[in-house]
Structure formats: C-alpha cells, structure tokens
Number of protein chains: 2
Amino acid sequence: MKQVSEKVVSRLIIYRKYLKELLADGQKSIFSHKISAYTGASAAQVRRDLMNVGYNGTPVKGYNIKDLMTSISEFLEKENTIEVAIVGFGNLGKSIVDYCNGRNSRLSISAAFDTDPNKINRVIHGCHCYANTEMETIIKENKVEVAILAVPREDAQKVADKLVACGIKGILNYSPTRLQVPANIYVENRDMLMALEKVAYFANNVHGGKNK
Amino acid sequence: MKQVSEKVVSRLIIYRKYLKELLADGQKSIFSHKISAYTGASAAQVRRDLMNVGYNGTPVKGYNIKDLMTSISEFLEKENTIEVAIVGFGNLGKSIVDYCNGRNSRLSISAAFDTDPNKINRVIHGCHCYANTEMETIIKENKVEVAILAVPREDAQKVADKLVACGIKGILNYSPTRLQVPANIYVENRDMLMALEKVAYFANNVHGGKNK
DNA sequence: TTCGTAGTGTGAAAACGTTAACAGTGTTAT
DNA sequence: ATAACACTGTTAACGTTTTCACACTACGAA
C-alpha cells in the first residue's frame with residue numbers, strides 16, 4: 001500500500017471534517033481552493049493530497065462532497081471498526097470520551113480503565129470502566145488496537161508497557177511523559193503544557209501566518 | 001531576531017523538559033546523543049537546534065544542564081511572565097489548568113471564563129473564574145496575551161472573535177472547530193478526535209518508527 | 001458546433017528540513 | 001608537554017514537502 005506521511009494524513013483528516021460540515025449544510029460539491037481557504041493548506045496541496053486517496057474530481061464541478069468523504073474514510077480506516085480503550089478516567093479522560101464517542105462511526109472507545117473503586121464497573125458516556133487489573137483480558141477479548149493514555153505522569157510508562165504487552169499498536173498520549181516504546185508502536189504525544197509553551201512562543205514571535 | 005520554525009521550537013520544548021528531569025535527578029551535564037536517545041531527534045539535529053539558542057557546550061563534557069536550560073528558557077520566553085486565560089471551565093478546562101499551572105514559572109493561567117453561574121467567582125486550581133461578560137476588562141487589565149479555548153463547538157468561533165478583539169495574540173484551541181482568525185494570530189489546534197483518528201491510521205499502517 | 005471559462009492532475013522547480021562528515025577543541029592519561 | 005580521545009559546531013550533501021505552472025477537460029454560452 002502507498003506510504004503516506006504524517007502531514008498528509010493530518011490534512012486528510014482536516015479535509016474530511018470540513019466536508020462533513022459542508023454535507024450537513026446541504027452542499028453537493030466543492031473546489032480545492034475552497035477547501036484551501038478553510039483549512040489553510042494551499043489549493044495545489046489539497047489536490048496533491050487527494051491524489052493519495054484515489055478519488056478524482058471533475059474540472060468545472062470540483063469534487064462531489066459525499067463521494068470524496070467516502071474515499072477519504074476508506075483510505076483512513078480500512079478496518080470495519082477500530083476499538084479504542086482509554087486508561088485514566090478522570091476529568092480529562094471523561095471529556096475525551098464524551099467528545100469523541102459517536103463522532104466517527106469506525107472508531108469506538110468502548111472500554112476505560114481506572115484504579116478508583118468509585119469508577120470501576122460504572123458506565124460513563126457509554127463507556128464501561130474496568131479495573132486496571134482487567135486490562136489484559138478486556139483488550140485481548142475486544143481486539144483493542146489503540147489506547148488513549150490520560151493518567152498521571154508517574155504511572156504513564158508502566159501503563160504503556162502493559163498496553164504494549166497486551167498488543168496495542170498505537171497510543172495517544174496525554175500524559176506529560178515521553179514514552180519509551182518499541183519502534184513499531186505509534187505514539188502521538190499531546191502534552192498540554194508543551195502545547196501552551198509553543199503558542200506562547202509564537203504569540204510573541206510572529207510567525208509566517210500559515211497554519212500547519 | 002532569528003526566525004525559528006515550529007519544528008525547532010517544539011523540539012526545544014521537548015529538550016527543556018528532559019533537562020528538567022535530569023536536573024531533578026541531580027545530573028550536571030549531558031551529551032547531544034543522550035538527548036537524542038530520549039527525544040527521538042538525531043544527535044546532529046539536537047546540536048543544530050541548540051545553535052539557535054546561542055548556548056555553547058564544551059567538547060568532552062557536553063552541555064551543562066542548568067545553563068542550557070536557562071538559555072532555552074530565555075530563548076522561548078523573553079517576557080517576564082506571559083499571562084494566559086482559559087475560556088470554558090468544564091472538565092477539560094479544569095484538567096488543563098490543574099496540570100499546567102505551576103509547572104512553567106513564566107506562564108500563568110490566571111483567569112478563567114465561563115457562563116455557568118455555579119463556577120463564576122470561584123477559584124479553582126488557583127485560577128479565578130469570571131463571567132464571559134468580563135472578558136474584555138480582565139484581559140486588558142491583566143495584559144493577557146494567550147488564550148486556551150475549551151468551549152463547545154458552537155461557541156468557539158464567537159469566543160475566538162471576541163478574544164482577538166481583546167488583543168489576544170495566540171490561541172490554543174481544544175474546540176473541535178478550525179477558527180477563522182487574522183493572519184497575525186497564532187492558532188494551535190488540538191482536536192482530540194482528529195488526534196485519535198491519526199493514531200488509528202498509523203496503528204494500522206506501520207510508520208517509519210521515527211518519533212516526530 | 002465552437003469557444004471561452006474555470007476547474008483538475010501532475011511533472012518540474014523551489015523551499016525547507018535532516019543527516020553526514022569532519023575540522024576544531026577542551027580534557028585526560030601518560 | 002604531548003598525544004589520544006570524545007565530544008561540539010558547522011558546512012555541505014541529501015531527502016522530503018510545498019509550490020509553481022501548465023496541459024488537459026467538462027461544461028455553458030452564443
């Protein structure tokens with residue numbers, strides 16, 4: 001299969017989201033320069049990115065929104081449904097599940113793990129919370145492939161090791177630690193303080209303007 | 001002043017964080033290849049990035065951790081203290097403030113805004129919550145330069161417009177919308193579903209392994 | 001039908017980011 | 001002292017990403 005860079009994937013996800021809004025608005029078709037204006041990528045880049053997904057627009061009419069969305073989704077999520085688990089079901093964990101669940105029909109955060117007895121065996125935002133000790137069983141039983149880490153710093157590495165041992169292939173890491181994992185595990189770090197520091201820097205050191 | 005790319009700034013922030021851990025561990029000095037092993041950047045890249053901050057290591061001893069940290073911090077945060085406000089003080093907003101405040105001595109999230117009367121005028125995690133209507137006064141009085149957006153989708157653009165009108169220069173956007181703002185405003189988007197979608201993709205389409 | 005228009009798809013050039021390689025230099029051992 | 005060593009700083013080569021520019025094409029108007 002065609003090898004695609006992180007940047008391209010990120011942009012495809014942005015395009016798809018915009019298309020979804022347009023569709024909800026009742027629009028039928030769209031031009032690359034319109035997608036460009038909204039997403040910040042150049043029109044040429046939009047067209048080039050779309051080459052990867054193998055959908056062709058037509059010259060004067062542009063792209064059919066519904067068909068393009070389908071093509072992007074087939075490109076991004078081949079599997080029927082990708083199972084996701086979240087570890088750490090505090091304020092942050094809950095808000096993640098609350099926002100994500102139900103918004104992508106092929107992604108489902110179906111299990112949460114926590115150590116707090118008050119949360120264990122309760123269902124919050126449609127997500128059953130289990131004890132950390134049940135992690136291995138549940139993950140293997142449900143074929144969970146992706147995990148979200150929302151635990152305190154001191155627990156993060158240990159939990160990550162366990163997740164990797166359970167066969168997890170990707171981690172979305174909201175804990176403020178860089179995880180040490182085998183090279184075949186994909187990790188996306190979302191440290192909030194680091195994000196804030198970055199914004200603070202560019203707020204004071206005006207940047208080209210172009211959005212990443 | 002030297003113009004530095006987003007990637008370099010992101011990596012400098014990662015290096016600084018690692019240095020902080022080393023310092024807490026009681027270490028005195030460090031080599032570029034050690035920083036490399038931890039952060040995923042190559043050793044040459046670490047050295048090249050550090051050229052930007054204008055601190056020089058010494059051949060056999062490497063870099064003095066404390067001095068290097070100071071140099072990076074002076075590079076990243078020139079101002080004495082950068083004031084930050086957060087809009088939306090729900091689960092997500094609270095967990096952001098809880099984690100960030102007190103961890104970078106030059107960044108302070110000192111004001112929160114919300115519409116919920118139960119939160120207004122309370123102090124949570126050292127952060128005073130005001131009514132949205134007070135936004136302009138508070139932001140201008142306190143010279144707030146950076147805002148974190150943690151409001152529902154439907155409110156995000158309106159709030160962003162208001163923040164821009166108040167003179168905010170950078171926005172860390174956790175709302176699931178792409179904000180339309182003037183080119184001189186720096187926006188960092190942190191849509192959680194998009195992050196998850198990206199991880200799901202690369203979990204199923206093994207990537208080079210190199211960490212970004 | 002024919003033409004003009006306004007879009008797409010894409011090869012080639014330019015810009016940007018990364019890696020390699022090595023000269024230069026404190027430090028340590030002899 | 002001197003030599004061997006183990007690192008840094010930096011230049012030049014390399015690779016990747018972005019933009020440019022243009023041939024091509026469906027459509028609508030006359």
Side-chain angles (χ1 to χ4, degrees), chain A residues 2-15 19 22 27-65 67-69 71-72 75 183 198 202 207-212, chain B residues 2-15 19 22 27-65 67-69 71-72 75 183 198 202 207-212:
Chain A
K2 178 79 110 338
Q3 182 78 325
V4 171
S5 76
E6 279 194 45
K7 294 198 160 184
V8 173
V9 172
S10 297
R11 285 193 301 261
L12 287 174
I13 291 171
I14 295 172
Y15 304 157
L19 295 174
L22 291 174
Q27 262 187 262
K28 294 291 179 199
S29 64
I30 187 79
F31 305 125
S32 63
H33 64 263
K34 284 286 172 195
I35 299 180
S36 161
Y38 181 81
T39 63
S42 74
Q45 189 160 64
V46 171
R47 296 201 297 275
R48 188 165 283 276
D49 288 340
L50 293 184
M51 285 174 67
N52 289 297
V53 314
Y55 176 76
N56 276 26
T58 55
V60 179
K61 298 201 66 178
Y63 302 94
N64 176 294
I65 292 174
D67 294 348
L68 179 52
M69 257 187 75
S71 292
I72 294 178
F75 177 86
K198 189 177 169 193
F202 285 110
H207 197 249
K210 185 62 54 72
N211 264 352
K212 105 245 59 144
Chain B
K2 178 82 110 335
Q3 182 79 324
V4 171
S5 75
E6 278 195 45
K7 293 199 159 183
V8 173
V9 171
S10 297
R11 283 193 303 258
L12 287 174
I13 291 171
I14 295 173
Y15 304 157
L19 295 174
L22 291 175
Q27 262 186 264
K28 294 291 178 198
S29 66
I30 187 81
F31 304 125
S32 64
H33 64 264
K34 284 286 171 195
I35 299 179
S36 160
Y38 182 81
T39 62
S42 74
Q45 189 158 66
V46 171
R47 297 201 296 276
R48 178 167 281 274
D49 288 341
L50 294 184
M51 284 174 66
N52 289 297
V53 314
Y55 174 76
N56 276 25
T58 55
V60 180
K61 297 199 68 178
Y63 302 93
N64 177 294
I65 292 175
D67 294 350
L68 179 52
M69 258 187 74
S71 291
I72 293 178
F75 177 85
K198 188 176 168 193
F202 284 110
H207 196 249
K210 184 63 54 70
N211 264 354
K212 104 245 59 143

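Bear in mind that the values here come from a model prediction, so they are computed numbers and not experimental data.
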Practice problem: On DNA chain C, check which nucleotide each of B:V8 and A:Y55 is closest to and give me the residue with the more 5' one. | Solution: A:Y55

Quiz item: Hey, which of these two, B:A44 or A:H33, hits DNA chain C nearer its 5' end, going by closest nucleotide?
Solution: A:H33

Practice problem: Check each of B:N64, B:L50, B:I72 against B:Y55 using the side-chain contact (heavy atoms from CB on, under 4.5 Å) test, and report the only one that passes. | Solution: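 When B:N64, B:L50, B:I72 are each tested with B:Y55, the side-chain contact (heavy atoms from CB on, under 4.5 Å) holds only for B:N64.
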
Please pick, from [options], the nucleotide with the shortest atom-to-atom distance to any side-chain atom of [X].
{"X": "B:M51", "options": "D:dT10, D:dT19, C:dT10", "answer": "D:dT10"}
{"X": "A:K7", "options": "D:dG9, C:dT18, D:dT17", "answer": "D:dT17"}
{"X": "B:V60", "options": "D:dT19, D:dA6, D:dT11", "answer": "D:dA6"}
{"X": "A:P59", "options": "C:dT18, D:dT25, D:dT11", "answer": "D:dT25"}
{"X": "A:F31", "options": "D:dC27, C:dG7, C:dG9", "answer": "C:dG7"}

Quiz item: Mapping A:Q45 and B:T58 to their closest nucleotides on DNA chain D, which lands nearer the 5' end?
Solution: B:T58

Would you say [X] reaches [N]'s phosphate, i.e. side-chain N/O to OP1/OP2 under 4.0 Å?
{"X": "B:S42", "N": "C:dT18", "answer": "no"}
{"X": "B:R11", "N": "C:dT18", "answer": "yes"}
{"X": "A:S32", "N": "C:dT8", "answer": "yes"}
{"X": "B:N56", "N": "D:dG9", "answer": "yes"}
{"X": "A:Y63", "N": "C:dG9", "answer": "yes"}

Exercise. Keeping the roles fixed (side chain from B:S71, backbone from B:D67), state whether a donor-acceptor pair exists under 3.5 Å.
Key: yes

Let me know the distance between [atom1] of [X] and [atom2] of [N], rounded to the nearest Å.
{"X": "A:N64", "N": "C:dG7", "atom1": "CG", "atom2": "P", "value": "17 Å"}
{"X": "A:D67", "N": "C:dT8", "atom1": "CG", "atom2": "P", "value": "15 Å"}
{"X": "A:N52", "N": "C:dG9", "atom1": "CG", "atom2": "C1'", "value": "13 Å"}
{"X": "A:Q3", "N": "D:dG15", "atom1": "CD", "atom2": "C1'", "value": "15 Å"}
{"X": "B:E6", "N": "C:dC16", "atom1": "CD", "atom2": "P", "value": "13 Å"}
{"X": "B:L12", "N": "C:dG17", "atom1": "CG", "atom2": "P", "value": "14 Å"}
{"X": "B:R47", "N": "D:dC7", "atom1": "CZ", "atom2": "P", "value": "11 Å"}
{"X": "A:K28", "N": "C:dG7", "atom1": "NZ", "atom2": "C1'", "value": "21 Å"}

Quiz item: If you measure from NZ on B:K61 to OG on B:S29, what distance do you get to the nearest 0.5 Å?
Solution: 6.0 Å

Exercise. Measure the OH-CG distance between B:Y38 and B:L22 for me, rounded to the nearest 0.5 Å.
Key: 8.5 Å

Practice problem: Would you mind reporting whether B:V4 and B:F75 have side-chain heavy atoms less than 4.5 Å apart? | Solution: yes

Quiz prompt | Sequence neighbours excluded - salt bridge (charged side-chain N to carboxylate O under 4.0 Å, His left out) pairs with any residue from residues 48-57 of chain B | solution = B:R11-B:D49

Exercise. Record whether the side chain of A:R48 comes under 3.5 Å of the base of C:dG11 through a donor-acceptor pair of N or O atoms.
Key: yes

